[in-house]
Colleague: 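First, the structure itself, so that you have it in front of you.
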Amino acid sequence: MTEAQPHARERLYSVLAAVPAGTVISYGQLAELAGMPRRARWVGQLLGRLPRDTRLPWHRVINAQGRISLPPGPAADRQKALLQAEGVRVSAGYRISLSEFGWK
DNA sequence: CGTTTGACTTTCG
DNA sequence: ACGAAAGCCAAAC
């Protein structure tokens with residue numbers, strides 16, 4: 001087989017599915033845990049293409065600055081609500097305390 | 001096949 | 001703490 005990462009997407013999905021509720025992770029960390037450092041943007045691109053009915057905890061993924069990376073809109077509010085429902089403290093400016101990064 | 005795009009990250013002022 | 005600029009990389013055009 002010539003493919004170096006035949007199932008890169010599914011590997012990423014597995015890591016994401018393993019993120020415990022009540023914690024958040026950055027795109028970069030997620031990519032790194034999946035064995036693909038520096039693929040943060042690729043992760044974001046993948047999440048954007050996820051179907052609405054996915055069961056993956058996409059809402060636990062935020063950027064390295066501790067903010068919701070989704071552009072302002074209904075989607076961002078949805079992510080904020082989902083996080084708060086899990087006990088994650090989200091400030092007015094979509095900021096999240098670094099202590100929620102349990103895995104860093 | 002060259003250019004643009006983007007749910008990113010880091011550095012600098 | 002904040003915004004601008006540069007760096008980075010795969011997918012889409």
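In what follows, chains carry the letters A, B, and so on, assigned in the order in which the sequence lines appear, proteins first and then strands, with residues in each chain numbered from 1. Model, not experiment: these values are computed from the prediction.
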Colleague: CG/A:Leu33 to OG/A:Ser26 distance, rounded to the nearest 0.5 angstrom?
Modeller: 8.5 Å

Colleague: Taking only the side-chain heavy atoms of A:Arg95 (C-beta and beyond), determine which of C:dC8, C:dA1, C:dA11 contains the nearest atom.
Modeller: C:dA1

Colleague: By nearest atom, which of the nucleotides B:dT9, C:dC8, C:dA10 is closest to the A:Asn63 side chain?
Modeller: B:dT9

Colleague: Nearest to the side chain of A:Tyr27 - C:dA10, C:dC8, B:dA7?
Modeller: B:dA7

Colleague: More 5' along DNA chain C: A:Gln65 or A:Trp42, using each one's nearest nucleotide?
Modeller: A:Gln65

Colleague: Which nucleotide sits closest to the side chain of A:Pro71: B:dT9, C:dC2, B:dA7?
Modeller: B:dA7

Colleague: Calculate the interatomic distance between A:Leu47 atom CG and C:dA11 atom P; express it in whole Å.
Modeller: 14 Å

Colleague: What's the shortest heavy-atom distance between A:Ala76 and A:Pro71, and which atoms?
Modeller: CB-O, 3.6 Å

Colleague: Verify the contact: side-chain N or O of A:Trp58 to OP1 or OP2 of B:dA7, cut-off strictly under 4.0 Å; return yes or no.
Modeller: no

Colleague: As a test of reading the structure: which of B:dT9, B:dT10, C:dA11 is closest to the side chain of A:Ser26, going by heavy atoms?
Modeller: B:dT9

Colleague: Tell me which of A:Arg38 and A:Arg49 sits closer to the 5' end of DNA chain C, going by the nucleotide each one is nearest to.
Modeller: A:Arg38

Colleague: A:Ala64 has a side chain; which of C:dA10, B:dT9, C:dC8 sits nearest to it?
Modeller: B:dT9

Colleague: Between A:Gln79 (side chain only) and A:His59 (backbone N and O only), is there a donor and an acceptor less than 3.5 Å apart?
Modeller: yes

Colleague: May I have the distance from A:Met36 (atom CE) to C:dA11 (atom P), rounded to whole angstrom?
Modeller: 11 Å

Colleague: Would you say the base of C:dC9 and the side-chain of A:Arg39 have a donor-acceptor pair closer than 3.5 Å?
Modeller: no

Colleague: Within the 4.0 Å heavy-atom criterion, would you say A:Gly28 contacts the bases, only the backbone, or no part of the nucleic acid?
Modeller: sugar-phosphate

Colleague: Do the side chains of A:Arg38 and A:Glu32 get close enough for a salt bridge, i.e. N-O under 4.0 angstrom?
Modeller: no

Colleague: By nearest atom, which of the nucleotides C:dA12, B:dA7, C:dC8 is closest to the A:Gln79 side chain?
Modeller: B:dA7

